[in-house]
Engineer: 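Here it is: the structure, laid out below.
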Amino acid sequence: MSSNRAPKSGFAAEAQRKINSKYSEELAQESLEWIKAVTAEPINTSGDTDNFFEVLKDGVILCKLANALQPGSIKKINESKMAFKCMENISAFLECAKNFGVPTQETFQSVDLWERQNLNSVVICLQSLGRKASNFNKPSIGPKEADKNVRNFSEEQLRAGQNVISLQYGSNKGATQSGINFGNTRHM
């Protein structure tokens with residue numbers, strides 16, 4: 001837990017435990033090893049939550065990662081350990097991640113990392129970015145990104161498709177509701 005907050009209790013504590021249970025040390029370690037390979041920074045690549053948090057919390061390594069993928073992506077990296085400067089680094093990285101093609105639902109909020117609220121979402125974001133690294137001629141991690149499968153149909157093919165009647169459009173193939181009773185029968 002972050003030292004600047006009171007420990008959570010009740011539902012909040014249970015929710016936090018649930019979030020923490022999704023964290024994968026293996027994926028975290030793979031992410032840190034990938035960052036080390038791309039940035040050539042001498043970081044500890046252990047995937048335990050304490051190390052993962054310590055390596056990334058100030059956002060400096062994340063900014064260096066963005067610049068390693070695409071030089072000049074982040075103009076100014078704050079080396080200060082002041083909270084708002086670290087949050088600026090994290091926000092700058094997140095903006096780059098989105099620009100590099102990481103879907104919004106695979107990014108995280110700055111507080112997820114800075115206040116250690118959801119390190120799993122940080123891992124998800126790094127894994128997503130890692131899959132896109134090959135677009136920048138860098139080593140990538142995780143499964144290969146799917147290629148777009150664009151289909152071009154002729155006008156004739158499109159017209160032929162309009163003549164097909166799907167069974168979803170109201171046909172019940174002769175089925176009826178006869179013999180179905182709900183509840184008690186009516187006594188007269």
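Model, not experiment: these values are computed from the prediction. Both backbone and side-chain heavy atoms feed into the values below; hydrogens, waters and symmetry mates do not.
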Engineer: Please say yes or no: joined through hydrophobic side-chain contacts below 4.5 Å, possibly via intermediate residues, are Ile124 and Ile61 part of one cluster?
Structural biologist: no
Engineer: Once you round to the nearest 0.5 Å, how far does OG of Ser128 lie from CZ of Phe100?
Structural biologist: 12.5 Å
Engineer: Ser80: what forms a side chain to side chain donor-acceptor pair (under 3.5 Å) with it, not counting sequence neighbours?
Structural biologist: none
Engineer: Same cluster or not: Ile141 versus Val102, using hydrophobic residues (I, L, V, M, F, W, Y) connected whenever any side-chain heavy atoms lie under 4.5 Å apart?
Structural biologist: yes
Engineer: Is there a chain of hydrophobic side chains (I, L, V, M, F, W, Y, each step under 4.5 Å between heavy atoms) that links Leu32 to Val123?
Structural biologist: yes
Engineer: Under 3.5 Å, is there a donor on one side chain and an acceptor on the other for Gln109 and Gln117?
Structural biologist: no
Engineer: Which heavy atom in Gln127 sits nearest to a heavy atom in Ser31, and how many Å separate them?
Structural biologist: NE2-OG, 3.0 Å
Engineer: Are Ile77 and Met87 connected in the hydrophobic side-chain network, where two residues link if heavy atoms are under 4.5 Å apart?
Structural biologist: no
Engineer: With sequence neighbours left out, write down each residue that passes side chain to side chain donor-acceptor pair (under 3.5 Å) with Lys81, or none if nothing qualifies.
Structural biologist: Asp58
Engineer: Filter on salt bridge (Lys or Arg N to Asp or Glu O under 4.0 Å), then keep only pairs touching residues 97-107, sequence neighbours left out; what's left?
Structural biologist: Glu106-Arg131
Engineer: Once you round to the nearest 0.5 Å, how far does CG of Asn89 lie from OG of Ser110?
Structural biologist: 10.0 Å
Engineer: Would you please test Gln29 and Glu33 for side chain to side chain donor-acceptor pair (under 3.5 Å) and show each step?
Structural biologist: CA-CA 6 Å; Gln29 182 171 346; Glu33 286 169 354; 3.0 Å; yes
Engineer: Are Phe52 and Leu126 close enough, and set up right, to give a side-chain contact (heavy atoms from CB on, under 4.5 Å), and what steps lead you there?
Structural biologist: CA-CA 12 Å; Phe52 187 79; Leu126 290 172; 3.9 Å; yes
Engineer: Going by atom types alone, do Asn44 and Ser46 pair a side-chain donor with an acceptor below 3.5 Å?
Structural biologist: no
Engineer: By side chain to side chain donor-acceptor pair (under 3.5 Å), which residues pair with Glu54, not counting sequence neighbours?
Structural biologist: Lys57
Engineer: Within this structure, what is the OG1-CZ distance for the pair Thr107 and Phe93, rounded to the nearest 0.5 Å?
Structural biologist: 9.5 Å
Engineer: Take Leu119 and Phe108 through the test side-chain contact (heavy atoms from CB on, under 4.5 Å) and record every step on the way to the result.
Structural biologist: CA-CA 9 Å; Leu119 293 181; Phe108 60 93; over 6 Å; no
Engineer: Would you indicate whether Gln105, at its atom CD, is surrounded by more than 12 heavy atoms from other residues, nucleotides or ligands within a distance under 6.0 Å?
Structural biologist: yes
Engineer: With sequence neighbours excluded, what pairs up with Thr49 under the side chain to side chain donor-acceptor pair (under 3.5 Å) test?
Structural biologist: Arg116
Engineer: Hey, can you pull the donor-acceptor pairs under 3.5 Å for the side chains in residues 62-71, sequence neighbours left out?
Structural biologist:
from, atom 1, to, atom 2, distance (Å)
Asn67, OD1, Ser73, N, 3.0
Asn67, OD1, Ile74, N, 2.7
Asn67, ND2, Ile74, O, 3.1

Engineer: Please determine whether residues Val60 and Trp34 belong to a single hydrophobic cluster, defined as Ile, Leu, Val, Met, Phe, Trp and Tyr linked transitively by side-chain heavy-atom distances below 4.5 Å.
Structural biologist: no
Engineer: Measure from the side-chain N and O atoms of Ser24 to the backbone N and O of Leu27, and report whether any donor-acceptor pair falls under 3.5 Å.
Structural biologist: yes
Engineer: Which heavy atom in Trp114 sits nearest to a heavy atom in Cys86, and how many Å separate them?
Structural biologist: CZ3-CB, 3.6 Å
Engineer: Take Ile90 and Val111 through the side-chain contact (heavy atoms from CB on, under 4.5 Å) test and state the conclusion after the steps.
Structural biologist: CA-CA 9 Å; Ile90 297 168; Val111 293; over 6 Å; no
